[in-house]
Amino acid sequence: MPEHDFIKAAFGQPHDRTPIWVMRQAGRYLPAYRAVREKVSFAELCRNPHLMAEVTRQPIDTFGFDAAILFSDILLPLEPMGIKVSYEEGGPTLHPAVRDPKDVLALNAYDPGDKMAHVLEGIREIKRRLNDVVPLIGFCGAPFTLATYLVEGGGSASFTEIKKFVYNHPREAETLLGKLAEISGQYLKRQIEAGADAVQLFDTWGGILSPEFYRRFSLPYIKTVFDICKTRGVPRILYLNFTRPYLADLAELDCEVVSVDWRTDLTEAMRILDGKAIQGNLDPHLLFGPGELVRAEALRILETTAKKDGFIFNLGHGILPQTPTENVRILVETVHSFKRFA
Ligand code: CP3
């Protein structure tokens, strides 16, 4: 495999051009994706290796991003635990929700090499179709984020149920998080064996916890996942939304890259996370602004990080479904034409 700038940047190694990809880059803002979705449901799409490969490639072919991300969803590995996940207009719903300590015991432990074989087959198909033009990122949800969906039974605005669960039943919460960490670690390990060149763990909701409780209910389980899947030459990325209060704790974590949101000051993040690569951090809503603003903000981020070998351009969270594609084009073009050493 040729040395890609994305992999070099993830390991903090010298490279010429700042690499860029965006979270949720294969999705509804892309007309080609919407055309595929007119014919198949999201659930079917996630089970069809040929279509997974097609939509994974779409943003690479359309915009020239420097990395591809597996087309799948963080909630799929919850299904073999005995949970029905359905994707509806208003967001996903999970049934039955985990509300009681005894519900935790009812969840099945399983071998992802067996029960997630369809995703692993998808990875092998994507790798064939990518032909090493760009590296492939595999992923899964961080244990605490997966637990929020399990306990809330879907998305949430207030996170009351998950907080009630962890504060009233801390031991059972730890049992649940331990089960999720074991499955997630094995799942990422299998993804790497199937061909993933890097892996990203999405801790979308860990930031609802105080740093004190983050240290108890999220961080140790992320550590377990990263320990299980640690593989020479394969960078491990942690994405955490609401990143700033946790930076000092993340600096201690054994992983190569931390992906930060737009509320996080990059100069401060580079100082605190010294020795790690950083990914981020444009506000996804900025892509709804005028093209000139997109260019100016991208340049500000590029100039701030130009001297650091370990920087990967991304958004602070996933790209939104209504995003104008013209601004995505401007963003990639701005990043690719920037001279780091000028
Ligand atoms: O980044 C990529 O392009 C790869 C694919 C990917 C999807 N979901 C596809 C998807 C990835 C990496 C995810 C991760 C994911 N899924 C997260 C973590 C990252 C984040 O955004 O915080 C979370 C929390 C989920 C759970 C999830 N899946 C929600 C809340 C929703 C509904 C809301 C929404 O944005 O649609 C989904 C559905 C989903 N996952 C879609 C896609 C493309 C939309 C499905 C459709 O086509 O209708």
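One-based numbering, in listed order, for ligands and for the atoms of each.
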**Q.** Shortest heavy-atom approach to atom 26 (C) of ligand 1 - which of Asp73, Thr204, Leu146
**A.** Asp73

Q.
Can you confirm whether Lys189 is buried at NZ, in the sense that more than 12 heavy atoms of other residues, nucleotides or ligands lie under 6.0 Å from that atom?
A. no

Q. Out of Phe144, Tyr214, Phe159, Phe217, which residue meets the ring pair (Phe, Tyr, Trp, His ring centres under 6.0 Å) rule with Trp205?
A. Phe159

(Q) With a heavy-atom distance limit of 4.0 Å, tell me whether Leu70 approaches ligand 1 through its side chain, its backbone, both, or neither. (A) backbone

Q. Among protein heavy atoms, which sits nearest to atom 32 (C) of ligand 1, and what does the distance come to when rounded to 0.1 Å?
A. Pro92 CD, 3.6 Å

**Q.** From the candidates Tyr33, Tyr149, Phe139, Tyr87, the one that places a heavy atom nearest atom 30 (C) of ligand 1
**A.** Tyr149

Q: Measure the distance from atom 23 (C) of ligand 1 to every protein heavy atom, then report the residue, atom name and distance (to 0.1 Å) of the closest one.
A: Ile74 CD1, 3.4 Å

Q.
Quiz question: by atom type and distance under 3.5 Å, do the side chains of Asp227 and Thr224 form a donor-acceptor pair?
A. no

Q: Pick one of side chain, backbone, both or neither for how Ser72 approaches ligand 1, counting any non-hydrogen atom pair under 4.0 Å.
A: backbone

(Q) Show the atoms of ligand 1 that are less than 4.0 angstrom away from any heavy atom in His317. (A) 20 (C), 21 (O), 22 (O)

(Q) Give me the residue, atom name and distance of the protein heavy atom closest to atom 35 (O) of ligand 1. (A) Arg24 NH1, 2.6 Å

Q | Validation row, ring centre Phe313 to ring centre Phe338 under 6.0 Å | A | no

Q: For Glu88 and Ser86, test the side chains for any donor-to-acceptor distance below 3.5 angstrom and give the result as yes or no.
A: yes

Q. Sequence neighbours excluded, which residues qualify as salt bridge (Lys or Arg N to Asp or Glu O under 4.0 Å) partners of Arg34?
A. none

(Q) With heavy-atom distances below 4.0 Å as the criterion, list the atoms of ligand 1 near Phe71. (A) 43 (C)

Q: Establish, yes or no, whether the cationic atom of Arg263 lies under 6.0 Å from the six-membered ring centre of Phe242 and within 45° of the ring axis.
A: yes

Q) Of the protein's non-hydrogen atoms, which lies at the shortest distance from atom 45 (C) of ligand 1, and what is that distance? A) Phe42 CD1, 3.4 Å

Q. Looking just at side-chain N and O atoms, do Tyr239 and Asn314 make a donor-acceptor pair shorter than 3.5 Å?
A. no

**Q.** Pair Glu3-Gln13, side-chain donor/acceptor within less than 3.5 Å
**A.** no

Q: Compute the shortest N/O to N/O distance between Tyr239 and ligand 1 and return yes if it is under 3.5 Å, no if not.
A: no

Q: Look at ligand 1 and say whether Ala26 reaches it with a heavy atom at a distance under 4.0 Å.
A: yes

Q | Distance from atom 34 (C) of ligand 1 to nearest protein heavy atom, with residue and atom | A | Arg28 NH2, 2.9 Å

Q) Between Arg244 and Asp265, is there a side-chain N and carboxylate O pair less than 4.0 Å apart? A) no

Q: Below 4.0 angstrom from a heavy atom of Arg37, which ligand 1 atoms are there? Numbered from 1 as shown, please.
A: 46 (C), 47 (O), 48 (O)

Q. Can you list the atoms of ligand 1 that are under 4.0 Å from a heavy atom of Phe202?
A. 12 (C), 18 (C), 19 (C)

(Q) Under 4.0 Å, heavy-atom basis, I'd like to know which part of Met23 is in contact with ligand 1: side chain, backbone, both or neither. (A) backbone

